[in-house]
Amino acid sequence: MSVLIQDEAGRVLLQHRGDDGLWGTPGGGLDPGEGFLEAAHRELREETGLECPNLALMGLDEGLVGGPEFYHRYPGGDEVYMVGMRTHGTLPAAALTGARPDDSGETLALAWFGLDDLPPLSANANVASMNVLRARAGLKPLPLLPFPDPPPLSNHLARLRAAVGPRPLFVPGASVLVGNERGRLLLLRHARTGQWVLPGGKLHPGESFRACAHRELHEETGLRAVRLTPVQLLQGPEFRYEDSGIWDSVGVLYRAEEVTGELTLPEGEIAEAQWWTADELKGAELLGLYTRRSVEAWAGQTSPSSRASLRP
């Protein structure tokens, strides 16, 4: 989770990091059950001593973080793929005189920098965040730091659960709204639970939310979408599940556009597929709050121009 703060001159607030001696935005990981905006306020307060009243989540097109370029190796040797959201807010330049970082040593210094005069940046998460702001200012993007190819697909979450036991885990994933020209939504009946879900699933290490949505759509339905448009972020303490441990879901909902292919279901995982009208969905046995909120988003946003060209 990254906190992008700009002053009245458009300069960005950067933190001189204590771990690698480079510069980056305030930010960090979420605590169990914590939302992105709540975490952003906490991290900004811990790392700078500042409060930003207008801090807000960025739009999904600018705010989402995920993909192979977000690999990072910390000085201690830990390797991660960063996944999350950016937040943005503004403060007057004079606010920095009241900055009081905590005493953890994470922050060596704080300073405002022009977007065309940035210091050496730590990790591609910071380079990419600066490129979001530079694009807004009409500046060319900075080159990303080198990063390795993502690992082969594996049952990563099962191995992680075995390592940490029942403690809470954040599970990022993506789901897809597939509508047709008759105003119906495609749902899949989960073989294990018998309840109805959207096409979707969990990210693999190094995978972006959009790449996950494309992959899961094809694996679970045989369909492909020319475009996937992000619709909604579904994350927060209400999206906690307890199934062989505690899982805090971090999901991005996409709308499929220009869908092609023949509906084909994988054996074992999906029992059947069905197209639903908005009225029929009111009586459907949907799998959890995540699916219910996703269906509500579709019911609120579907229109003839956003429907795919498929017929059931």
Side-chain angles (χ1 to χ4, degrees), residues 1-4 27 30 35-40 55-70 81-88 124-125 128-129 131-133 135-136 141 150 170-180 185-188 197-221 223-236 238-239 248-260 286 288-310:
M1 186 277 311
S2 301
V3 184
L4 282 59
L30 276 64
F36 280 117
L37 188 57
E38 179 186 1
L55 191 64
L57 294 177
M58 300 184 80
L60 294 177
D61 284 332
E62 290 185 320
L64 285 175
V65 173
E69 66 271 31
F70 292 100
Y81 282 101
M82 297 183 183
V83 175
M85 276 290 291
R86 300 182 180 97
T87 59
H88 182 269
N124 278 334
S129 290
N131 283 341
V132 170
L133 297 182
R136 287 185 173 189
F170 284 99
V171 181
S175 300
V176 184
L177 298 168
V178 182
N180 66 13
L185 177 69
L186 179 65
L187 291 182
L188 309 176
V197 298
L198 294 168
K202 302 175 179 64
L203 268 67
H204 290 289
E207 190 173 40
S208 70
F209 285 100
R210 180 174 272 105
C212 174
H214 275 291
R215 175 181 55 78
E216 290 285 350
L217 175 64
H218 183 65
E219 288 178 357
E220 295 189 346
T221 69
L223 304 176
R224 296 187 186 276
V226 173
R227 289 186 304 279
L228 289 174
T229 301
V231 172
Q232 189 173 10
L233 173 69
L234 297 166
Q235 187 271 332
E238 67 268 35
F239 295 104
D248 287 346
S249 177
V250 180
V252 178
L253 180 64
Y254 288 88
R255 183 178 65 246
E257 300 177 4
E258 296 186 41
V259 179
T260 61
L286 303 176
L289 178 63
Y290 183 99
T291 305
R292 293 198 299 274
R293 290 283 178 83
S294 299
V295 167
E296 289 169 3
W298 171 78
Q301 297 192 21
T302 187
S303 66
S305 61
S306 69
R307 293 171 189 157
S309 59
L310 291 177

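From a predicted model like this one, the values you see are computed outputs, not experimental measurements. For reference, positions follow the sequence shown, starting with 1. Because only heavy atoms are used, hydrogens play no part in the values below, and waters and symmetry mates are left out as well, while side chains stay in.
Looking at every heavy atom in both residues, Ala297 comes nearest to Leu253 through CB-CD2, 3.8 Å. In terms of heavy atoms, Pro199 sits closest to Thr221 at CG-CG2, 3.9 Å. For the pair His214 and Ala225, the tightest heavy-atom approach, listed with the atom from each and the gap, is CE1-O, 3.2 Å. Between Cys212 and Gly201 the shortest heavy-atom distance is SG-O, 3.6 Å. Contact between Pro150 and Pro205 at its shortest, heavy atoms only, is CB-O, 4.0 Å. Summarising the geometry of Gly27 relative to Val3, their closest heavy-atom pair is CA-CG2, 4.4 Å, with the distance given to 0.1 Å.
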> Could you go step by step and tell me if Glu296 and Gln232 meet the side-chain contact (heavy atoms from CB on, under 4.5 Å) rule?
Replying inline: CA-CA 11 Å; Glu296 289 169 3; Gln232 189 173 10; over 6 Å; no

> Does the pair Glu62 and Arg136 meet the rule for a side-chain contact (heavy atoms from CB on, under 4.5 Å), with working shown?
Replying inline: CA-CA 10 Å; Glu62 290 185 320; Arg136 287 185 173 189; 2.7 Å; yes

> Yes or no on side-chain contact (heavy atoms from CB on, under 4.5 Å) for Glu220 and Val176, after CA distance, side-chain angles and deciding distance?
Replying inline: CA-CA 11 Å; Glu220 295 189 346; Val176 184; over 6 Å; no

>> Go through it in stages, so that I can follow the logic: the residues are Phe36 and Leu233, the test is side-chain contact (heavy atoms from CB on, under 4.5 Å), and I'd like the CA-CA distance, side-chain angles, deciding distance and then a yes or no.
In response: CA-CA 10 Å; Phe36 280 117; Leu233 173 69; 3.8 Å; yes

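Looking at heavy atoms from C-beta onward, Tyr81 lies out of side-chain contact with Leu203 at the 4.5 angstrom threshold. At least one side-chain heavy atom of Leu223 sits under 4.5 Å from a side-chain heavy atom of Leu186. The closest side-chain heavy-atom distance from His204 to Arg215 is below 4.5 Å. Contact check for Pro172 versus Gln235: no side-chain heavy atoms found under the 4.5 Å cut-off. Ser294 has its side chain within reach of Leu234: a pair of non-hydrogen atoms, C-beta onward, lies under 4.5 Å apart. In this structure the side chain of Val83 never reaches within 4.5 angstrom of the side chain of Val250, judged on heavy atoms. Between Leu55 and Leu37 the shortest side-chain heavy-atom distance falls below 4.5 Å. At a threshold of 4.5 Å between non-hydrogen side-chain atoms, the residues Leu30 and Asp248 do not count as touching.
Atoms OH and OG1, from Tyr254 and Thr229 in turn, are 9.5 Å apart once rounded to the nearest 0.5 Å. A distance of 12.5 Å separates CG in Leu57 from CZ in Arg86, rounded to the nearest 0.5 Å. The CG atom of Leu64 sits 9.5 Å away from the CZ atom of Phe70 when rounded to the nearest 0.5 Å. Rounding to the nearest 0.5 angstrom, the gap separating the CE atom in Met1 from the CE atom in Met82 is 11.5 Å. Put simply, CZ on Phe209 and CG on Leu228 are 14.0 Å apart, with the number rounded to the nearest 0.5 Å. To the nearest 0.5 angstrom, Leu133 atom CG is 4.5 Å from Leu4 atom CG.
A donor-acceptor pair under 3.5 Å is absent between the side-chain atoms of Arg292 and the main chain of Leu286, judged by distance alone. Between the Thr87 side chain and the Ser2 main chain, a donor and an acceptor come within less than 3.5 Å of each other. Side chain of Glu216 to main chain of Ser175: no donor-acceptor pair is present (N/O by atom type, distance under 3.5 Å, no hydrogens or angles). A donor-acceptor pair is defined here as one N or O able to donate and one able to accept, closer than 3.5 Å; such a pair exists between the side chain of Asn124 and the backbone of Glu69.
Within a 6.0 Å sphere centred on CZ of Arg224, heavy atoms belonging to other residues, nucleotides or ligands number 12 at most.
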